[in-house]
Amino acid sequence: MYLRAQALAGLTLGEVAERAGISVPKDLKRNKGWIGLLLEHVLGASAGSRPEPDFPHLGIELKSLPINEQGKPLETTFVSVAPLTGLTGVNWKNCYVRKKLSRVLWVPVITNKDLPIACRKVGMPFLWSPSIEEENLLALDWQELTDMIVLGEVEKIQGKHGQVLQLRPKGANSQSKTQAFDRHGKPFMTLPRGFYLKIPFTQMLLHKHLRIN
DNA sequence: AGCTGATCATTG
DNA sequence: CAATGATCAGCT
């Protein structure tokens, strides 16, 4: 599977889509997850929206990483939705973020905005598991953000919180609502949130990999 | 130019 | 509705 991913390196998305018999959209405005879904399809990941790794047997999560020609990620990377309730007994060791990030196949895609989708090229995929240092950074941020949620301060959380991990809205739109608890423990409805990896962190992963290989 | 809140499609 | 896949786009 990793080898199949490496075989995609250097191909354009147009070529990959053609292999898969999938047509390429003009833009991603109404197909924001298209590249990720294309890669899942050609690599044989299990489809669907089930909360499982993309490759359950291998415990590997597939993430496409939009980068520019200089190798800089262009977007933050969504990790998972953030539970706002039922957090008693949840800690870093058993949390969903850690599980999701335990083994990730990153597939960089050169996604300069001025390039048509079909002309954008797949970079060299790499398999990653957090080093001790990386995991410590993630754990620190996760704990800070989770503490705030537990304290009923979810609406005080800004994207700037966290060094490598941030909490931002993750919903259909600003009208989306999910349940949370306020500082007095009373339930109220608020925007669903998700954990995202900040750009400098994924940039570091990419560059570490490039140095090693 | 980067950040962060807002948004889109699809599925179970 | 909430989870999957993310990128858009206005504001600073």
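Order of the sequence lines fixes the chain letters, A, B, ..., with proteins taken first and strands second; residue numbering starts at 1 for each chain.
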Look at the side chain of [X] and decide which nucleotide, out of [options], has an atom nearest to it.
X        : options             : answer
A/Lys160 : B/dT4, C/dG5, C/dT7 : B/dT4
A/Lys72  : C/dA3, C/dA6, B/dG2 : B/dG2
A/Glu75  : C/dT7, B/dT7, C/dG5 : C/dT7
A/Lys32  : B/dA9, C/dT4, B/dA6 : B/dA6
A/Lys29  : B/dA9, C/dA9, B/dG5 : C/dA9
A/Thr76  : C/dT4, B/dT4, B/dG5 : B/dT4

Nearest-angstrom distance from the residue atom [atom1] of [X] to [atom2] of [N]:
X        : N     : atom1 : atom2 : result
A/Ile67  : B/dG2 : CD1   : C1'   : 18 Å
A/Lys198 : B/dA1 : NZ    : C1'   : 17 Å
A/Lys99  : C/dT4 : NZ    : P     : 12 Å
A/Lys100 : C/dA3 : NZ    : P     : 11 Å
A/Leu28  : B/dT7 : CG    : P     : 18 Å
A/Glu155 : B/dT4 : CD    : C1'   : 16 Å
A/Gln175 : C/dC1 : CD    : C1'   : 15 Å
A/Leu37  : C/dG5 : CG    : C1'   : 5 Å

Look at all strands and tell whether [X] reaches a base, only sugar-phosphate, or nothing, counting heavy atoms closer than 4.0 Å.
X        : result
A/Ser64  : sugar-phosphate
A/Gly33  : base
A/Pro66  : sugar-phosphate
A/Ile35  : nothing
A/Asn173 : base
A/Arg30  : sugar-phosphate
A/Glu61  : sugar-phosphate

> Does A/Leu62 or A/Lys177 map to a spot on DNA chain C nearer the 5' end, using the closest nucleotide for each?
Replying inline: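 Residue closer to the 5' terminus by nearest nucleotide: A/Lys177.
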>> Return whichever of A/Tyr196 or A/Ala82 has its heavy-atom-nearest nucleotide of DNA chain C closer to the 5' end.
In response: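 Residue closer to the 5' terminus by nearest nucleotide: A/Ala82.
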> Parallel, tilted or perpendicular: which fits the ring planes of A/Phe126 and A/Trp106, with parallel below 30° and perpendicular above 60°?
Replying inline: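 Geometry flag for A/Trp106 against A/Phe126: parallel rings.
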> Donor-acceptor pair under 3.5 Å: do we get one between A/Lys170's side chain and the base of C/dG5?
Replying inline: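 Answer yes: a donor N or O sits under 3.5 Å from an acceptor.
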>> Between A/Ser102 (side chain only) and A/Lys99 (backbone N and O only), is there a donor and an acceptor less than 3.5 Å apart?
In response: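 A pair under 3.5 Å: yes.
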> Salt bridge or not for A/Arg98 and A/Glu135, using N-O below 4.0 Å?
Replying inline: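 The answer is yes: the pair qualifies as a salt bridge.
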>> Tell me whether A/Glu134 is salt-bridged to A/Lys208, with the criterion being a basic N under 4.0 Å from an acidic carboxylate O.
In response: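 The answer is yes: the pair qualifies as a salt bridge.
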> Can A/Glu61 and A/Arg103 be said to form a side-chain contact (heavy atoms from CB on, under 4.5 Å), step by step?
Replying inline: CA-CA 6 Å; A/Glu61 177 73 16; A/Arg103 202 159 169 73; over 6 Å; no
> Under 4.0 Å between a side-chain N or O of A/Gln166 and OP1 or OP2 of B/dC3?
Replying inline: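 Negative; the distance criterion is not met.
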> A/Pro200 or A/Gly171: which one's nearest nucleotide on DNA chain B is closer to the 5' end?
Replying inline: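 Between the two, 5'-proximity favours A/Pro200.
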> Step by step, would you call A/Leu11 with A/Arg19 a side-chain contact (heavy atoms from CB on, under 4.5 Å)?
Replying inline: CA-CA 11 Å; A/Leu11 295 180; A/Arg19 282 187 178 187; 3.7 Å; yes
